[in-house]
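Written out below as structure tokens is the structure these notes cover.
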Amino acid sequence: MNDYYLAILHGSLLTVGVSLASLAVATLLGLVGAAAKLSGNRPLVWGASVYTTIVRGVPELLMMLLVFYGGAIGLNNLLEWLGYEEGIDLDPFVAGVLTIGFIYGAYMTETFRGAILAIPRGQMEAAWAFGMGRFQTFVRITLPQMVRYALPSFTNNWLVLIKATALVSLIGLHDMTYLAKQSSAAVREPFAFFMFAAGLYLMFTSLSLWALRLVSARYSLGADKVQLL
């Protein structure tokens with residue numbers, strides 16, 4: 001049975017990899033979506049609103065299956081239309097990362113949009129008056145404050161994202177949930193293996209909470225004093 005537990009531990013590395021890669025995709029999409037919603041450009045605002053509305057209204061499992069199966073069919077049809085006869089199979093890791101990142105990018109969009117709106121606009125206008133460009137203003141003025149406002153919601157999104165990686169087991173990716181299921185079927189002791197996998201998830205989320213608390217403390221230095229003044 002030790003070999004089964006070692007296999008689940010090995011699968012946990014894949015789970016972490018999927019989580020971190022999906023977080024990177026979700027963060028990028030969240031920043032782009034928030035910028036689009038705050039741009040004032042009607043087509044961009046409309047497109048970002050449609051994205052966040054649809055994604056948050058469709059179950060994650062259904063979205064995963066749509067991307068994995070529907071995405072492969074659509075990509076092969078496109079290649080055939082372009083004249084390429086050989087079809088391709090969508091890699092489960094890529095499909096899982098893109099799907100989870102795409103889903104949580106919608107939640108990150110609202111997280112970042114709310115954080116930016118919480119910053120007084122006068123600070124950005126003052127930076128522009130001093131000759132800073134929009135990118136420089138974002139990096140030096142908006143981003144450090146946005147992190148503090150966004151962290152509570154960002155933390156919740158990250159914790160849910162980690163747990164959502166269990167869905168990739170349904171498309172054949174050998175993460176720790178998939179391996180726990182296979183081990184339980186082989187030995188017929190599901191409780192032990194699923195409890196072991198649950199303990200690993202709990203360990204990852206607990207470590208994440210500890211690390212994000214440190215980040216929150218770092219970006220909250222002096223904030224209370226400023227608010228009191």
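We're numbering straight along the sequence, starting at 1.
When hydrophobic clusters are built by joining Ile, Leu, Val, Met, Phe, Trp and Tyr residues whose side-chain heavy atoms come closer than 4.5 Å, directly or via intermediates, Val16 is grouped together with Leu200. Taken together through direct or relayed side-chain contacts under 4.5 Å among Ile, Leu, Val, Met, Phe, Trp and Tyr, Val55 and Val45 form parts of separate hydrophobic clusters. Hydrophobic clustering, with ILVMFWY side chains joined whenever heavy atoms are under 4.5 angstrom apart, keeps Val32 apart from Val147. In this structure, Val97 is a member of the same hydrophobic cluster as Leu62, with clusters built from ILVMFWY side-chain heavy atoms closer than 4.5 Å. A continuous path of Ile, Leu, Val, Met, Phe, Trp and Tyr side chains, each step under 4.5 Å between heavy atoms, connects Leu209 with Val160, placing both in one hydrophobic cluster.
Taking 4.5 Å as the limit, every side-chain heavy atom of Thr99 sits out of range of all side-chain heavy atoms of Leu167. Counting only heavy atoms from C-beta outward, the side chains of Ser206 and Leu202 approach each other to under 4.5 Å. In this structure the side chain of Asn156 never reaches within 4.5 angstrom of the side chain of Tyr107, judged on heavy atoms. Between Pro92 and Val168, the closest side-chain pair of non-hydrogen atoms is not below 4.5 Å. You'll find the side chain of Val25 stays beyond 4.5 Å of the side chain of Tyr104, heavy atoms only. Side-chain contact between His10 and His174 is absent, with no heavy atoms from C-beta onward closer than 4.5 Å.
In terms of modelled atom types and a separation under 3.5 Å, the side chain of Thr53 and the main chain of Val50 share no donor-acceptor contact. With hydrogens and angles disregarded, a donor-acceptor distance shorter than 3.5 Å links the side chain of Tyr51 to the backbone of Phe102. Of the possible donor and acceptor atoms, one in the side chain of Thr165 sits under 3.5 Å from a partner among the backbone N and O of Ile162. With hydrogens and angles ignored, the 3.5 Å screen pairs a side-chain donor or acceptor of Arg56 with a backbone N or O of Thr52. Ser153 places no side-chain N or O within donor-acceptor distance of the main-chain N or O of Ala150, the cut-off being under 3.5 Å. Side chain of Gln145 to backbone of Ile141: a donor-acceptor contact under 3.5 angstrom is found.
Of the residues listed (Leu23, Leu31, Leu28, Leu29), the one engaging Met108 in a side chain to side chain contact (heavy atoms under 4.5 Å, CB included) is Leu23, and it is the only one.
Listed here is the closest heavy atom pair of Ile100 and Ala164: CD1-O, 4.1 Å. Closest approach of Ala34 to Arg113, counting heavy atoms only: CB-N, 3.7 Å. The minimum heavy-atom distance linking Leu151 with Ser216 is given by the pair CD1-CA, 3.4 Å. Scanning all heavy atoms of the two residues, the minimum distance from Ser183 to Phe193 falls at O-CE1, 3.6 Å. Taking all atoms of both residues into account, the shortest heavy-atom contact from Leu179 to Ala7 is CD1-O, 3.0 Å. The two atoms that bring Lys37 and Thr109 nearest to each other are CD-CG2, 4.3 Å, heavy atoms only.
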May I have the step-by-step check of side chain to side chain contact (heavy atoms under 4.5 Å, CB included) for Leu117 and Leu38, ending in yes or no?
-> CA-CA 9 Å; Leu117 289 175; Leu38 296 172; 3.7 Å; yes
| said: Go through it in stages, so that I can follow the logic: the residues are Met146 and Ile119, the test is side chain to side chain contact (heavy atoms under 4.5 Å, CB included), and I'd like the CA-CA distance, side-chain angles, deciding distance and then a yes or no. | reply: CA-CA 7 Å; Met146 186 188 78; Ile119 302 171; 4.2 Å; yes
**Message:** Would Phe194 and Ser184 count as a side chain to side chain contact (heavy atoms under 4.5 Å, CB included) here? Give the steps.
**Reply:** CA-CA 8 Å; Phe194 285 128; Ser184 65; 3.8 Å; yes
Exercise for the section: Mind running side chain to side chain contact (heavy atoms under 4.5 Å, CB included) on Val18 and Asp175 for me, showing each step along the way? Expected result: CA-CA 9 Å; Val18 172; Asp175 71 324; over 6 Å; no
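Taken from OG1 in Thr111 to CG in Asn157, the straight-line distance is 4.5 Å, to the nearest 0.5 Å. Residue Arg121 holds its CZ atom at 10.0 Å from OG1 of Thr142, rounded to the nearest 0.5 Å. Taken to the nearest 0.5 Å, the OG atom of Ser12 stands 6.5 Å off from the CE atom of Met203. For the atom pair CG (Leu212) and CH2 (Trp158), the distance works out to 8.5 Å, reported to the nearest 0.5 Å. Note that OG1 of Thr205 is 12.5 Å distant from CG of Leu161, once rounded to the nearest 0.5 Å. Here CG of Leu9 is found 15.5 Å from OH of Tyr4. Values are rounded to the nearest 0.5 Å.
In this structure, Phe196 and Tyr5 have perpendicular ring planes: the angle between them is above 60°, well past the 30° mark.
Thr177 and Tyr201 are linked by a side-chain donor-acceptor pair at a separation below 3.5 angstrom, with hydrogens and angles left out of the test.
A ring-centre distance under 6.0 Å is not found for Phe135 and Phe138.
By the neighbour-count criterion of 12 heavy atoms within 6.0 Å, atom CH2 of Trp46 is sparsely surrounded, having that number or fewer from other residues, nucleotides or ligands.
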